[in-house]
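In what follows, a single structure is set out as structure tokens and then discussed.
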Protein chains: 2
Amino acid sequence: MAGVAGDRRIVSEGAGEPGTLSEVAYQRLRTDIVSGVLGAGKPLRLEALKQRYGLSFSPLREALMRLQSERLVFSTALRGFSVAPLSREEMKDATETRILIESEALRRSMRDGDDDWEAGIVAAFHALSLQAERQLRLSGEVDAVDMHAMDERHYQFHRALIAHCRSPRLLDLADQLYVETQRYRLPCLVGPVAGTPARDVAAEHQQIMDAALRRSEDAVRYLAEHYRRTADIIEASTVWPSSA
Amino acid sequence: MAGVAGDRRIVSEGAGEPGTLSEVAYQRLRTDIVSGVLGAGKPLRLEALKQRYGLSFSPLREALMRLQSERLVFSTALRGFSVAPLSREEMKDATETRILIESEALRRSMRDGDDDWEAGIVAAFHALSLQAERQLRLSGEVDAVDMHAMDERHYQFHRALIAHCRSPRLLDLADQLYVETQRYRLPCLVGPVAGTPARDVAAEHQQIMDAALRRSEDAVRYLAEHYRRTADIIEASTVWPSSA
DNA sequence: CAATAGAAAATTTTCGAAAGAAATCGAATC
DNA sequence: GATTCGATTTCTTTCGAAAATTTTCTATTG
């Protein structure tokens, strides 16, 4: 019943979170940056954004400020904002930092994880498998919606692994690094890249899960390998700007 | 020559960085939160801040948004901002996360560090020692200026240790966690706390430095101990809100 | 022809007022 | 006496215009 035409509320009430236009701006900008709609390195002119999202300066600037803290947006003093550029170095740094954070979070989860933690992993793995299978059957015909669903399941699985680490900071950092690396991952999700060794991602996930459930340090190793493998494939199959 | 009366420029030009009022708001708010001038948990009323800093809503909100990403400020949708509360749990989480980040950064620095890296550490250690000695001579008479100088030297030393890690993310995170933990540290810097074992901080620093220079994994251990010891002292000597 | 200064345009940044939402208070009701 | 509803007040949030700054363009000079 919310969001009727002529609704002049700041945001629709039925929706889960938003609450403010600043939040809306943040969400939409982030989505558009991560998905590549707003190209890496491109300047973000306030007037253009105002047009594009139908918002005014204040909420946009607030959102950009936040995105700057999260390394998705770059800005210089009186020269405005731009989409943070992509580069090999940044991707490697993001990947290795993610491995550092998630390894620790996984270790702690394995140390203290209870039945609910285990159940969460199994459930997330199952949902991910179903989605992956569906995708495989429709191979070639993966639209943006499927891709997004897949990515969400993927996120949920990795999140479930570290969910019991009891550190709000590690979880936040993992989320942030997930988003950052997604920028590099998404362009590669369009399909298997020619010239790269066939990869059984499902098997990798299974391996990580099994090791995690038997509380084996192997889980940490497998997880790191999993992320590094992805990073290697991306590095090989991306056309990088200039020589960076 | 900059900053004459009647100057209507956004900021004085001679100064190093500021550039915008948003930046000024960020710096001043951060200082006042870390130093405790703005008490933990207290609501941050926009009107009051406007008064206090002589700025208007926009730059203040932008700064608050940024500080929120850095966990110094808390906010709920349409209910405004407040200073992030202090708690045992948060301090422990910040400390352990800092150890995780700086351990990795120190390892990498030790692996790849060159002559300049070593020289930087020695220089920072020396400057820190001089300041510490001076402080010791004036014992009892440490004013806010001295305390700030000491803290800056301390920061520089720990920064020098990890300076060569080659990861912008690790360095940023270390900086952020340094600021976060400073909130807990500063109230304790007023003087040695009664009932705690006498502590030779200078010796601890020396130990870390020596181990780092001979590229020994001991450095990582000593560093972690150094931080945990500080955290323990703070935990013991702080009056924590309610039971949290 | 390159280089430079100065004016015009484009853009970011800031402000103060207006709009919107939550908290407060008080009267009427059960 | 406690409670709910509604009006009032307080506060946050948003807007659009004004101020400040950078960038672009052009004419001028060496």
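Each chain gets a letter, A, B and so on, in the order its sequence line appears, and its residues count up from 1.
Applying the salt bridge (Lys or Arg N to Asp or Glu O under 4.0 Å) definition to pairs two or more places apart or across chains, those involving residues 32-52 of chain A are A:D32-A:R52. Residue pairs satisfying the salt bridge (Lys or Arg N to Asp or Glu O under 4.0 Å) criterion with at least one member in residues 172-181 of chain A, sequence neighbours excluded, are listed as follows: A:R159-A:D175, A:D172-B:R71, A:E180-B:R169. The salt bridge (Lys or Arg N to Asp or Glu O under 4.0 Å) pairs that include a residue from residues 59-69 of chain A are A:E23-A:R66, A:R61-B:E62, A:E62-B:R61, where partners are two or more places apart or lie in different chains.
Within residues 58-67 of chain A, the residues that place at least one heavy atom under 4.0 Å from DNA chain D are, in residue-number order, A:S58, A:P59. The stretch residues 39-53 of chain A does not touch DNA chain D, since none of its heavy atoms comes less than 4.0 Å from the strand.
Taking the ring centroids of A:Y178 and A:Y155, they lie under the 6.0 Å cut-off. Within the 6.0 Å centre-distance limit, the rings of B:Y227 and B:H158 are counted as a close aromatic pair.
In this structure A:K92 satisfies the salt bridge (Lys or Arg N to Asp or Glu O under 4.0 Å) test together with A:E235, sequence neighbours excluded.
Across the protein-nucleic acid pair, A:L78 atom CG and D:dA20 atom C1' stand 8 Å apart, rounded to whole Å. Per the geometry, CG belonging to B:L55 stands 11 Å off C1' belonging to C:dC15, to the nearest Å. One interatomic measurement links the two molecules: CZ of B:F57 to P of C:dA19, which rounds to 15 Å at whole-angstrom precision.
One finds a side-chain N or O of A:R79 lying less than 4.0 angstrom from the OP1 or OP2 phosphate oxygen of D:dT23.
When each of B:S56 and A:G80 is assigned the nucleotide of DNA chain C bearing its nearest heavy atom, the one mapping closer to the 5' terminus is A:G80.
No side-chain heavy atom of B:I234 sits less than 4.5 Å from a side-chain heavy atom of B:T181.
Atom CD1 of B:I99 is separated from atom CZ of B:R228 by 4.0 Å, given to the nearest 0.5 angstrom.
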